[in-house]
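Contents: one structure, followed by commentary.
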Amino acid sequence: MTIQWYPGHIAKAERQLKEQLKRVDVVLEVRDARIPLTTHHPQTAEWVGNKSRILVINRMDLITPKVQQLWTSWFQEQGETPYWTNAQQGKGIREVAQAAQQTGVQMNQRRKNRGMQPRPVRAVVIGFPNVGKSALINRLLGRRVVDSARRPGVTRQLRWVRISDQIELLDAPGVIPAKLQNQEDALKLAICDDIGEASYDNQRVASGFVDLLRLPDLATGDRTSTSSLHNRYDVDPTGITGESYLQALAETRYQGDQERAARQLLNDFRKGLLGAIALELPPS
């Protein structure tokens, strides 16, 4: 299975984003807490340049507090401060807003030193599709202004919105590399619904998800593993492949319909119904 997805609206948005970045003071990079390394665009550093960057890791509710702490420690070792959010529920939003405002204070002090008038800080929100960028913007605004949904490709064009007298924010469509070189990462994007559904086969992705849960380096940090599958579906995954598990699940609960079983399995994971499951842990 090869997963690739780079629709025309993303290519267009990336070109427009590069132009708008010239006007921006600070970049809010949003990542998925379940796969914070995989949802880092390799060109982010190039785009940001010497601008300020705020690292926002969304969907903190879908991993355990222990895994969150492991990531916090790891990012701090890299010299970064992660801001953890649950944009759907509004958690962590105030801290992100304060960080952006502080950037504006510093920017306007530099303008004042040069004899220039103060102005609102211009920020842009970037990240992979469906990591929660629009939900974050709506929470920062305190009202629903941009479309937000739990699927990739909802935002199709760039749009400036004013949060307050201090901050103007650019909402941009999700950007993804034109070619996904690492297919293990591509599988994680598909599992987490951070890539368009047209790019993958649900049954293969669901089978890959079951296999991924067995990896020993992921079975740490008090995370749920294959036991969560047994607890929810009463189908034991011990000793069988992900493909065989999907077949057994379909026979037991869905009259042999493997596509239905695959969709249900993926949706349950994406909604957190299998528990808090991280698909990545910090590099050792």
Side-chain angles (χ1 to χ4, degrees), residues 30-39 56-72 82-93 95-96 127-139 144 148-154 174 185-197 200 202-203 205-215 217-237 242 245-246 249 253-254 260-282:
V30 184
R31 303 192 200 177
D32 188 322
R34 298 165 295 182
I35 47 173
L37 293 185
T38 295
T39 47
V56 180
I57 306 183
N58 192 39
R59 301 208 174 106
M60 59 183 286
D61 55 308
L62 297 181
I63 63 172
T64 66
K66 182 172 183 178
V67 170
Q68 180 182 331
Q69 185 55 54
L70 289 174
W71 277 114
T72 297
Y83 290 84
W84 295 91
T85 62
N86 174 356
Q88 290 292 329
Q89 300 297 324
K91 294 181 180 178
I93 303 301
E95 290 78 5
V96 173
F128 274 58
N130 200 35
V131 294
K133 300 181 300 299
S134 295
L136 174 69
I137 290 174
N138 286 333
R139 284 292 179 179
R144 185 184 178 92
S148 171
R150 278 187 176 270
R151 66 179 188 277
V154 173
D185 288 349
L187 173 63
K188 294 175 188 175
L189 291 172
I191 293 170
C192 294
D193 204 20
D194 293 338
I195 191 172
E197 190 177 23
Y200 59 86
N202 285 301
Q203 295 178 43
V205 168
S207 299
F209 168 59
V210 176
D211 288 331
L212 187 61
L213 290 182
R214 288 202 187 84
L215 295 180
D217 60 329
L218 289 178
T220 58
D222 288 347
R223 63 184 296 284
T224 12
S225 58
T226 50
S227 61
S228 61
L229 301 176
H230 195 181
N231 293 339
R232 181 157 183 83
Y233 306 118
D234 200 25
V235 179
D236 189 357
Y245 183 80
L246 186 64
L249 178 62
R253 299 176 69 97
Y254 302 107
R260 184 181 172 194
R263 288 181 177 274
Q264 189 64 55
L265 180 59
L266 291 172
N267 285 334
D268 285 354
F269 165 72
R270 292 163 180 170
K271 293 178 180 178
L273 299 178
L274 297 179
I277 300 177
L279 298 185
E280 290 178 343
L281 290 175

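Nothing fancy with the numbering, it's 1 onward along the sequence. Just so it is clear, the structure is predicted and the values come from calculations on it, not from any experiment.
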Closest heavy-atom contact between [X] and [Y]?
X      : Y      : result
Leu246 : Ser207 : CD2-OG, 3.7 Å
Ala135 : Gln88  : CB-NE2, 4.0 Å
Val131 : Asn58  : O-ND2, 3.0 Å
Leu279 : Cys192 : CD1-SG, 3.8 Å
Val205 : Tyr200 : CG2-CD1, 3.5 Å
Ile57  : Pro82  : CD1-CB, 3.8 Å

Is any side-chain heavy atom of [X] less than 4.5 Å from a side-chain heavy atom of [Y]?
X      : Y      : value
Phe209 : Leu265 : yes
Thr38  : Glu280 : yes
Pro36  : Trp71  : yes
Asn130 : Asp193 : yes
Leu229 : Val235 : no
Leu136 : Lys133 : no

Can you tell me how far apart [atom1] ([X]) and [atom2] ([Y]) are? Round to the nearest 0.5 Å.
X      : Y      : atom1 : atom2 : answer
Arg263 : Gln203 : CZ    : CD    : 9.5 Å
Arg253 : Tyr233 : CZ    : OH    : 7.5 Å
Ile191 : Arg270 : CD1   : CZ    : 8.5 Å
Asp61  : Gln68  : CG    : CD    : 10.0 Å
Arg59  : Asp194 : CZ    : CG    : 5.5 Å
Leu249 : Arg260 : CG    : CZ    : 10.5 Å

For the side chain of [X] and the backbone of [Y], is there at least one donor-acceptor N/O pair under 3.5 Å apart?
X      : Y      : result
Arg232 : Leu274 : no
Asp211 : Gly242 : yes
Arg34  : Ile63  : no
Thr39  : Asp32  : yes
Asn86  : Lys91  : no

Can you list the residues that meet the salt bridge (Lys or Arg N to Asp or Glu O under 4.0 Å) rule with Asp236, with sequence neighbours excluded? none
Arg31: salt bridge (Lys or Arg N to Asp or Glu O under 4.0 Å) partners, not counting sequence neighbours: Glu29
Criterion side-chain contact (heavy atoms from CB on, under 4.5 Å) on Ile35 and Asp185, from CA distance to verdict: CA-CA 9 Å; Ile35 47 173; Asp185 288 349; over 6 Å; no
